Amino acid sequence: MSQSVLDALKARFGAAILETHSNFGDDTAVVASDSWKAIGAFLRDDPAMSFELFVDLCGVDYPERTPRFDVVLHLYSVTHAHRIRVKARIGDDEGNHAKIDSLTSLWRGADWLERETFDMFGIKFEGHPDLRRILMYPEFTGFPLRKDYPAQKTEPLIAYRTEEEAGLPLGKLEPFGPDEGMSFGRKVWDTHGTT
Amino acid sequence: MGELNSPPGTPAALQRPRHSVTIEGSEAGFGVTRFDAMLNWSRKYSLFQYPFVTACCGMEFMAVASPRFDVARFGAEAPRFSPRQADLLWVVGTISQRQAPALRRIYEQMMDPKWVLAFGTCASSGGFYDNYTTVAGIDKIIRCDVYVPGCPPRPEAVLDGLLLLQDKIARGDRTPGIVKPRQDPAMGLVQLGVPSAKKEGQR
Ligand code: SF4
């Protein structure tokens, strides 16, 4: 669909375009992370590209791979009705040094999506005006969409009640004991003197 | 005379009524009851609700509140959007860790006596969100009187929960209660994979 975009990227950036493919018509370019912003500027400003619409930006974690993370960018051109996916690979085995240039100066829409990617994966966007957590609370530690974040781990914002405070067990209740259930199944029933 | 509830051997004139007694035969007619029984009776039929609606269960909450199921029949029709004016907190939907302080604050702002109903599996136990975002049941942060399971619960189950709560209010019982599933009357009519008797007869 937009093979011409991939060709133009390869002609312009050469070795910075690490690989390209067009699986199922989704044109994808994997690019060197240090050209990330230059490629973004080219895709937005070149008249033959004109990717005005910043569709999505996210991270992906491949724990067995080095570099460990993908940053995935989707763009759409309203003028030419073509779209492209751009990926960059960053970070070492431990997830450290996961840094990439922020695109907020090119597309305003990048702001919250970069914050979300930072919140979930710990990827730092250099040049972002306000890189804070957006979904989780500031007290949260760790990055929950990394594959090594334990699936059942929680970091409550306020302390849970203890069983002493509650005066009853806080595990799962016995559901269908003789005293549970429908009010009219109860043995004690307020009869208001009619019995 | 209704059931009497006094130590054995108490003279008949001094016996205390257990709930309420209507004495027949007087021209005017009057009743006597215990004060707390009357108070609980009036409380259970005038529950002012604070809907804390956060997720998809809210759709069923709207169904319960609207004319077809009509929670007004049980004296709980008036939602109050100030916790100061409410005495029943409906926690409807998923409570995330980030909302937990807000929920506890709302609960603390309510006046006594106050009750809490956990509407749906998420509010009762966290449901299938067994991960970093979700509080695994509101009873981890506030007390809870009635749990209504279901994802989302049908309006009938919610009304069962409300009746269970009213029953608990009348008895002054604060132990948590869970609404039982009911047999679906339609279940007996059609069984997949089993030819129905009517078809057999027609053949
Ligand atoms: S119990 Fe089900 S319907 Fe209700 S809030 Fe949770 S996921 Fe939604």
Side-chain angles (χ1 to χ4, degrees), chain A residues 61 116 119-122 132-195, chain B residues 1-4 17-22 31-33 37 40-41 44 96-105 124-126 130-137 139-144 146-147 149 157 160-171 173-182:
Chain A
D61 185 8
E116 186 193 6
D119 192 357
M120 295 288 123
F121 293 94
R132 285 180 292 132
R133 290 187 179 275
I134 187 169
L135 296 173
M136 306 311 295
Y137 29 96
E139 294 84 351
F140 199 82
T141 64
F143 301 105
L145 286 195
R146 289 190 180 183
K147 298 284 185 207
D148 52 12
Y149 191 89
Q152 250 104 58
K153 185 177 171 192
T154 57
E155 302 178 27
L157 187 50
I158 54 172
Y160 285 171
R161 294 197 301 168
T162 60
E163 303 207 338
E164 293 80 65
E165 272 166 23
L168 30 95
L170 288 178
K172 304 272 181 207
L173 290 166
E174 285 295 322
F176 307 127
D179 252 6
E180 291 298 344
M182 294 296 307
S183 50
F184 38 84
R186 298 259 170 164
K187 294 197 181 83
V188 186
W189 174 241
D190 189 346
T191 55
H192 298 292
T194 51
T195 46
Chain B
M1 289 282 275
E3 195 180 339
L4 299 177
R18 178 156 169 254
H19 293 297
S20 59
V21 181
T22 310
V32 286
T33 182
N40 285 342
W41 179 87
K44 79 177 196 179
S96 65
Q97 299 286 5
R98 229 181 145 151
Q99 279 167 329
L103 177 62
R104 186 158 80 187
R105 180 121 189 216
S124 303
S125 71
D130 190 5
N131 61 17
Y132 63 98
T133 50
T134 303
V135 179
D139 53 9
K140 303 290 180 297
I141 44 176
I142 58 176
R143 65 169 303 145
C144 180
V146 172
Y147 300 84
D160 281 354
L162 187 66
L163 291 177
L164 174 58
L165 180 70
Q166 290 181 337
D167 181 23
K168 281 156 56 80
I169 293 172
R171 285 182 291 112
D173 175 8
R174 297 305 302 257
T175 55
I178 302 177
V179 172
K180 258 184 196 174
R182 279 200 197 176

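Sequence lines set the chain letters: A, B, ... in the order given, protein chains first and strands last, and positions in each chain run from 1. Predicted model, so just to flag it, every value in this text is computed and none were measured.
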**OP:** For residues A:L157 and B:P101, report the shortest heavy-atom separation together with the two atoms involved.
**Re:**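 Minimum heavy-atom contact is CD2-CG, 3.8 Å.
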
Subject >> Residue pair A:T154 / B:N131: nearest heavy atoms and the distance that separates them >> reply: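 Nearest pair, atom of A:T154 first, then B:N131: CG2-O, 3.2 Å.
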
Would you call [X] and [Y] a side-chain contact if the rule is heavy atoms closer than 4.5 Å?
| X | Y | value |
| --- | --- | --- |
| A:L145 | B:Y132 | yes |
| A:P156 | B:V135 | no |
| B:Q97 | A:F140 | no |
| A:R161 | B:R143 | yes |

Subject >> Crowding at CZ, B:R98 (>12 non-hydrogen neighbours, <6.0 Å) >> reply: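 Counting neighbours around CZ of B:R98, more than 12 heavy atoms of other residues, nucleotides or ligands fall under 6.0 Å, so yes.
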
Subject >> Residue, of B:I141, B:T133, B:N40, that accumulates the most heavy atom pairs under 4.5 Å with chain A >> reply: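 Option with the greatest count: B:I141.
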
Original post:
So which part of B:V146 gets closer than 4.5 Å to some heavy atom of chain A, the side chain, the backbone, both or neither?
Top reply: neither

